[in-house]
Amino acid sequence: PEIGKHARFVMDERRFYFNNKAFMLPQPDWYLLGVLNSAKAFDYLSGTCSVLGDEMAGGRLEFRAIYMERLPIPNAPESERAAVAKLAKEAQRLPGHRRARVEAFLREIALKPAQSTSRNPLEQPWSLAPEEFTRRAPRPDMKKFTPARDETAALTDQIQKIEQEIDQRVTALYGL
């Protein structure tokens, strides 16, 4: 998106159409995607992009072309490009898998995923305490909650590890 708190670059493999508030690169480059979503690229963009709101209190960056085209992309050897690309693919696949599990969990406890929002704590079973689940769920059932919590926690750990490895590799590519 044009405005955001953090990098949310994705590879569109389903050929969606979007409006003028999102941008695209017309090439399927998973290595580039990994670099764009890395912490070092975001650090650079944080110092380059215009900020909307208070920068120290959750301001948002404007990811406009005039800022994005200045981002230096490391010229990596093919082996490193392939490694970052593979990680970027996995980093994009796993949240979809986690989301599918969350939606199944929500249906199991009598909630419609389409009517839920990201502000609903039940949307993140991996970080939900059993007491809070019992208090918030329309039909609390620990036999449904525990596996959903454990599976989504494991996926969240995998996502974090992959993102950390991407960050380490890209940091090294920048020579930092």
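This chain uses plain numbering: 1 for the first residue, then up along the sequence. Fair warning: this is a prediction, and the values are worked out from it, not measured in the lab.
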Starting at [atom1] of [X], measure out to [atom2] of [Y] and round the result to the nearest 0.5 Å.
{"X": "Asp43", "Y": "Asp167", "atom1": "CG", "atom2": "CG", "value": "9.0 Å"}
{"X": "Leu52", "Y": "Ile3", "atom1": "CG", "atom2": "CD1", "value": "5.0 Å"}
{"X": "Arg136", "Y": "Glu131", "atom1": "CZ", "atom2": "CD", "value": "12.5 Å"}
{"X": "Gln115", "Y": "Asn120", "atom1": "CD", "atom2": "CG", "value": "11.5 Å"}
{"X": "Thr134", "Y": "Asp141", "atom1": "OG1", "atom2": "CG", "value": "9.5 Å"}
{"X": "Gln124", "Y": "Ser118", "atom1": "CD", "atom2": "OG", "value": "8.0 Å"}

Review point. Side-chain contact, heavy-atom cut-off 4.5 Å: Thr48 with Leu71?
Key: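 No. Closest side-chain heavy atoms not under 4.5 Å.
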Check your understanding: Should Met68 and Glu62 count as side-chain neighbours, where that means a heavy-atom distance under 4.5 Å?
Key ->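 No, their side chains stay 4.5 Å or more apart.
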Review point. With distance as the sole criterion, is a donor-acceptor pair present between the side chains of Arg98 and Thr156 under 3.5 Å?
Key: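 Their side chains do contain a donor-acceptor pair, which is all the 3.5 Å distance test asks for.
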Practice item. Go through the steps for Arg93 and Glu90 under the test side chain to side chain contact (heavy atoms under 4.5 Å, CB included), then give the verdict. Key: CA-CA 5 Å; Arg93 184 189 70 77; Glu90 192 68 359; 2.6 Å; yes
Could you report the tightest heavy-atom contact between [X] and [Y], atom names first, then the distance?
{"X": "Gly34", "Y": "Val170", "result": "O-CG2, 4.4 Å"}
{"X": "Leu36", "Y": "Ala7", "result": "O-CB, 3.7 Å"}
{"X": "Gly59", "Y": "Lys5", "result": "O-CG, 4.2 Å"}
{"X": "Pro72", "Y": "Tyr174", "result": "O-OH, 2.5 Å"}

Point to revise | Ser38 (side chain) donor-acceptor with Val35 (main chain) under 3.5 angstrom | key: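 Side chain of Ser38 to backbone of Val35: a pair is present.
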Point to revise | Thr152 side chain to Arg149 backbone, donor-acceptor under 3.5 Å | key: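 The answer is yes, because a donor-acceptor pair under 3.5 Å joins these two groups.
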Is [X] linked to [Y] within one hydrophobic cluster, defined over Ile, Leu, Val, Met, Phe, Trp and Tyr using a side-chain heavy-atom separation of less than 4.5 Å?
{"X": "Met11", "Y": "Leu87", "value": "yes"}
{"X": "Phe42", "Y": "Leu176", "value": "yes"}
{"X": "Leu33", "Y": "Leu94", "value": "yes"}
{"X": "Phe63", "Y": "Val10", "value": "no"}
{"X": "Tyr44", "Y": "Leu32", "value": "yes"}

**Study point:** Heavy atoms from other residues, nucleotides or ligands near CZ of Arg135 exceed 12 (cutoff 6.0 Å)
**Key:**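 Yes, because the 6.0 Å sphere around CZ of Arg135 holds more than 12 heavy atoms from other groups.
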Check your understanding: Which residue pairs pass the salt bridge (Lys or Arg N to Asp or Glu O under 4.0 Å) test when at least one of the two sits in residues 69-88, sequence neighbours left out?
Key ->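 As it turns out, the salt bridge (Lys or Arg N to Asp or Glu O under 4.0 Å) pairs with a partner in residues 69-88, which skip direct neighbours, are Asp29-Arg81, Glu80-Arg169.
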Point to revise | Other cluster members, Phe133 - Ile/Leu/Val/Met/Phe/Trp/Tyr, side-chain contacts below 4.5 Å | key: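 Members alongside Phe133: Val102, Phe105, Leu106, Ile109, Leu111, Leu122, Trp126, Leu128, Met142, Phe145.
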**Study point:** Residues Glu151 and Arg101 bridged, charged N to O under 4.0 Å
**Key:**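 Salt bridge: yes.
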